[in-house]
Amino acid sequence: MKTFDQLSVIGLREWIALPELGMVGLRAKIDTGASTSTLHASDIVPFERDGQRWVRFTAHLGTLVQRRHRCEAQVVSVKTIKSSNGQAQSRYVISTTVALGDRAWPIEFTLACRKTMRYRVLIGSKALVDGQLVVNPALSYVQDKPTLPAFDSLPGAQ
């Protein structure tokens, strides 16, 4: 069996933070079947800032206790995503830094309504490759919960 020392192991579920958006304590489901990561968002309003496309949205945190957080992010693109039920949907794509354990790196998120889903955040395979992570689906919450002060030095971190 081959092993790769440069890869870190994560579980099927992990705590993450999105420091550039000012959010911490998000439970994320790791979804190796999804290419792109997804963030639960509503009230999505596109606008222009300095000639660039941006989007303003409400991110929803928590499942039992709903918390809302207003965010703004530059639009990377608009993608057509085919959901697990086979329906195609056009979604805004943003790029922001994700903090998982002691690592932080930029990933792309599509913005979508996930109010009927158990997890408000999905981390897809592109983010796992960029973060050099492997998933042990028998485990959950392997990495320590990230805190925003640990990532204050990131550009754009609040």
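- Linking Ile, Leu, Val, Met, Phe, Trp and Tyr whenever their side-chain heavy atoms come within less than 4.5 Å leaves Ile94 and Leu122 in two separate clusters.
- Put simply, the side chain of Gln143 never gets that close to the backbone of Gly11: no donor and acceptor are under 3.5 Å apart.
- A donor-acceptor pair under 3.5 Å is formed between the side chain of Arg114 and the backbone N or O of Tyr119.
- His40 places no side-chain N or O within donor-acceptor distance of the main-chain N or O of Arg120, the cut-off being under 3.5 Å.
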Discussion item. What verdict does the side chain to side chain contact (heavy atoms under 4.5 Å, CB included) test give for Leu133 and Arg103, after you've listed the backbone C-alpha separation in whole Å, the side-chain angles of each residue and the deciding distance to 0.1 Å?
Written reply: CA-CA 10 Å; Leu133 302 170; Arg103 292 187 182 189; 3.9 Å; yes

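- Although no hydrogens or angles enter the test, the distance criterion places a donor-acceptor pair under 3.5 Å between the side chain of His69 and the main chain of Leu21.
- Remark: Arg70 pairs with no residue by the salt bridge (Lys or Arg N to Asp or Glu O under 4.0 Å) rule, at least two apart or across chains.
- Ser37 and Glu108 get closest at one heavy-atom pair: CB-O, 3.5 Å.
- By the side chain to side chain contact (heavy atoms under 4.5 Å, CB included) test, Val142 is found to be paired with Glu14, Leu139, residues two or more places apart in sequence or in another chain being considered.
- Contact record, Pro106 with Ser95: CB-OG, 4.3 Å, taken as the closest heavy-atom pair.
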Worksheet item: Passes side chain to side chain contact (heavy atoms under 4.5 Å, CB included), Lys29 versus Leu12? Steps please.
Response: CA-CA 6 Å; Lys29 172 99 184 311; Leu12 193 59; 4.0 Å; yes

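- The hydrophobic cluster containing Val55 also contains Leu39, counting ILVMFWY residues as joined when their side-chain heavy atoms lie under 4.5 angstrom apart, directly or transitively.
- Once rounded to the nearest 0.5 Å, the distance linking CD of Glu72 with CD of Glu20 reads 14.0 Å.
- Leu100 CG to Leu26 CG: the interatomic distance, rounded to the nearest 0.5 Å, is 11.0 Å.
- Atom CG of Asp130 is surrounded by more than 12 heavy atoms from other residues, nucleotides or ligands within 6.0 Å.
- Residue Phe109 is tested with Val93, Thr38, Val121 for a side-chain contact (heavy atoms from CB on, under 4.5 Å); the sole match is Val121.
- Nearest heavy atoms, Ser125 versus Thr32: CB-O, 3.8 Å.
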